[in-house]
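To keep things clear, I will list the structure first and then write my remarks on it.
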Amino acid sequence: MSRSTVVSSPGKVLIAGGYLVLDPAFSGTVVSTSSRFYTVVQDSATIGPNTVQVRSPQFLNATWQYSVALEPSVAIEPFSSNTSKNKFVHLALQSTIALASEIKGAAALQQVLAKGLEITIVGGNDFYSQRAKLASLQLPRTLESLSKIPPFTPTGQPLSEVHKTGLGSSAALITSLVSALLAHFSAIPESALSDDDSEGRRLAHNLAQYVHCLAQGKIGSGFDVSAAVFGSHIYTRFNPAVLNGLMNDTQSQPLHPTLSPSNSAWDYRIEPFRLPPLTRMMLADVDAGSDTPSLVGKVLKWRKEQSAEADGLWNELRELNGALAQTLLHLSQLHDQDPVNYASAVKYISSLQPRQWVANPFQPPAEEPVVSSFYKVHEISQEIRGKMRKMGELSQVPIEPVEQTQLLDACVSQAGVVGGGVPGAGGYDAIWLLVLNPVSCAPDQSPLERVEHIWTNYTALDVSPLSATESLARGARIENLDSIPGLREVVTVQ
Ligand SMILES: Nc1ncnc2c1ncn2[C@@H]1O[C@H](COP(=O)(O)OP(=O)(O)O)[C@@H](O)[C@H]1O
Ligand SMILES: C[C@@](O)(CCOP(=O)(O)OP(=O)(O)O)CC(=O)O
């Protein structure tokens with residue numbers, strides 16, 4: 001029976017701190033999603049020694065084979081028969097096998113590679129647009145329809161042509177791949193991925209950040225890899241200088257001295273965060289799409305040229321982003337202190353528009369702190385939207401363009417919708433909403449359904465719901481192949 005290692009990692013939504021989180025003086029609040037990437041690493045029985053085969057069965061022609069040399073240094077060479085390239089996969093293999101060899105020694109790795117490895121990579125359906133699939137099934141664009149699409153469903157397209165939905169596919173992919181390989185080579189114990197802050201998890205984080213930056217050709221804030229590794233949290237970035245040596249390396253220097261969790265230059269901060277109970281984060285993919293690196297370049301150019309004005313705006317947003325995160329965390333505390341009155345308050349305000357929430361003179365005192373805190377979240381999220389629009393106007397970047405403003409205003413005015421905005425860099429990629437999700441709702445009184453109705457009938461943009469919501473599970477984690485619906489069916493059966 002061949003040995004296999006399965007690791008999954010979540011996608012991400014940056015609900016506050018876009019652009020600011022690029023600067024280590026500021027933080028961002030990132031929510032990890034229920035949609036996850038899965039990497040299955042298996043000892044092969046067929047492909048032969050020192051060969052690694054990687055398959056992504058959701059895409060056409062997405063199989064890549066590599067030869068592995070461990071001495072005198074690690075070299076991963078794509079087969080000439082490969083019909084496409086995938087630098088994210090190639091660089092992940094090269095760096096992870098090199099690091100594992102430094103940690104375990106070439107002889108130990110040679111034993112693992114004696115029969116070759118077969119790797120399968122799949123992402124949850126939400127990472128890729130399901131518009132065509134819903135249309136082929138003649139289904140409306142609703143959450144219920146999405147649940148009828150089989151897990152890891154084939155896209156019918158090459159990887160290069162698929163429309164991604166902005167959940168951070170490359171970050172989740174690389175994190176699950178490097179973590180699964182490190183565990184399969186025993187370079188980190190499997191237990192490392194069952195502990196939120198283990199040394200092994202931090203090594204996997206540092207390696208995934210390095211590979212992701214190498215593959216993308218730039219050093220972003222790293223919030224997406226951080227969410228894939230650690231789950232939802234308030235994120236403060238690492239100093240990018242920690243990677244300069246490796247990113248500019250031409251001599252193949254050892255990886256471990258830089259990537260080791262003992263290297264204090266990895267000065268990122270992870271602070272706990274979660275969305276409050278009886279709420280749901282709703283995500284919509286907007287087909288217009290945006291080029292994030294281009295938006296980032298323009299905003300940072302403006303910030304540098306107009307530093308006094310930009311610093312004022314950054315500091316205002318720092319205060320608002322911090323207040324948003326702390327108020328959301330306070331709501332979880334209110335729930336834990338008194339879940340009954342919390343649930344009663346949520347049910348009451350889920351049938352009212354936000355402006356009506358604090359207008360009730362007969363509000364039961366035990367529910368008042370919950371209602372006023374949700375109203376505070378509503379007000380803060382609207383203020384953040386206003387500041388992000390101002391950032392866009394001043395830097396002449398469509399951060400919350402008018403079509404997104406109109407869509408968000410229509411959603412946020414609905415009964416039971418707390419707030420929302422454009423995630424991350426903004427633009428036309430997506431929107432996020434925080435919607436009340438009481439234990440029970442009268443028919444057609446569900447805030448979720450009210451939002452779906454807005455999305456279905458909005459014509460200025462091509463809006464399609466994502467099934468993803470927040471996941472309270474940890475980030476990267478070891479999985480059991482048979483506990484994930486549909487996963488064994490897409491793996492080469494040994
Ligand atoms: N299922 C998959 N299997 C293999 N590679 C994938 C898969 N999904 C995404 N990728 C890789 O991730 C890249 C997308 O990275 P990027 O453009 O940064 O998008 P994102 O912002 O979603 O991470 C693709 O070009 C591909 O190389
Ligand atoms: C601007 C940013 O702070 C946030 C970008 O968030 P997005 O979620 O928009 O990113 P993409 O998935 O690459 O589109 C840049 C950064 O933090 O790296």
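The first residue of the sequence shown is numbered 1, and numbering continues consecutively from there. What's counted below: heavy atoms across the whole structure, side chains too, no hydrogens, waters or symmetry copies. In listed order, ligands and their atoms are each counted from 1. All figures in this text were calculated on a predicted structure; none of them were measured in a lab.
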Parallel, tilted or perpendicular, as decided by the 30° and 60° cut-offs, for the rings of W266 and H205: perpendicular
Closest candidate by heavy atom, reference atom 7 (C) of ligand 1, pool F152, Y128, F88: Y128
Short side-chain donor-acceptor distance under 3.5 Å, E118 and S44: yes
Q65 and S81 side chains, donor-acceptor separation under 3.5 Å: no
Donor on one side chain, acceptor on other, T39 and S176, under 3.5 Å: yes
D224 and ligand 2 - part of the residue with a heavy-atom distance under 4.0 Å: neither
Closest protein heavy atom (residue, atom, distance) for atom 18 (O) of ligand 1: Q216 NE2, 2.7 Å
Numbered atoms of ligand 2 (with element) below 4.0 Å of V21, judged on heavy atoms: 3 (O), 17 (O)
Enumerated ligand 1 atoms positioned under 4.0 Å from heavy atoms of F37: 1 (N), 2 (C), 8 (N)
Step-by-step salt bridge (Lys or Arg N to Asp or Glu O under 4.0 Å) determination, R141 to D462: CA-CA 11 Å; R141 290 178 181 177; D462 183 11; 2.3 Å; yes
Residue-ligand contact F59/ligand 1, heavy atom below 4.0 Å: yes
Residues Y19, F26; criterion ring-ring contact (aromatic ring centres under 6.0 Å, His included); working and verdict: CA-CA 9 Å; Y19 301 97; F26 300 87; over 10 Å; no
Test of proximity, V296 against ligand 2: N or O pairs below 3.5 Å: no
Identity and separation of the nearest protein heavy atom to atom 11 (P) of ligand 2: T292 OG1, 3.7 Å
Ligand-side contact atoms (ligand 2) for residue partner F223, heavy atom cut-off under 4.0 Å: 4 (C), 5 (C), 6 (O), 8 (O), 17 (O)
Test item, R237 contacting ligand 2 (heavy atom, 4.0 angstrom): no
Proximal atoms of ligand 2 relative to G220 (non-hydrogen, under 4.0 Å): 18 (O)
Which residue and heavy atom of the protein sit nearest atom 11 (C) of ligand 1, plus the separation: L173 CD2, 3.7 Å
Contact check: W64 vs ligand 1, nitrogen or oxygen atoms, below 3.5 angstrom: no
Closest to atom 12 (O) of ligand 1 (judged by heavy-atom distance), picking from G220, S170, A215, A62: S170
Proximity winner for atom 8 (O) of ligand 2, if only heavy atoms of K12, Q216, K164, K218 are counted: K12
Residue and atom name of the nearest protein heavy atom (relative to atom 3 (O) of ligand 2), distance in Å to one decimal: Y19 N, 2.9 Å
Minimum-distance protein heavy atom relative to atom 5 (N) of ligand 1: N86 ND2, 3.0 Å
Test item: side-chain donor near acceptor, D285 and T165, under 3.5 Å: no
Spatial distance of atom CG (L70) from atom CG (N50) [nearest 0.5 Å]: 6.5 Å
Protein contact to atom 5 (C) of ligand 2 [nearest heavy atom, distance to 0.1 Å]: A425 N, 3.6 Å
Check: S8/E479 side-chain N/O donor and acceptor closer than 3.5 Å: yes
Nitrogen or oxygen of S56 less than 3.5 angstrom from that of ligand 1: yes
Contact bool for atom 26 (C) of ligand 1 (protein heavy atom, d < 4.0 Å): yes
Pair S145, T142: side-chain N/O donor-acceptor within cut-off below 3.5 Å: yes
Ligand 2 atoms in contact with S221 (distance to a heavy atom under 4.0 Å): 16 (C), 17 (O), 18 (O)
Short side-chain donor-acceptor distance under 3.5 Å, T5 and H184: yes
Heavy-atom nearest neighbour in the protein, as seen from atom 22 (O) of ligand 1, with distance rounded to 0.1 Å: S169 OG, 2.7 Å
Heavy atom of the protein closest to atom 17 (O) of ligand 1 (residue, atom name, distance): K164 CE, 3.7 Å
Side-chain H-bond candidate by donor/acceptor type, H90 with Q94, under 3.5 Å: no
Pairing of D409 and R385 as salt bridge, 4.0 angstrom limit: yes
Residue portion contacting ligand 1 (non-hydrogen atoms closer than 4.0 Å) for D224: neither
No-hydrogen, no-angle side-chain donor-acceptor test under 3.5 Å, S467 and D126: yes
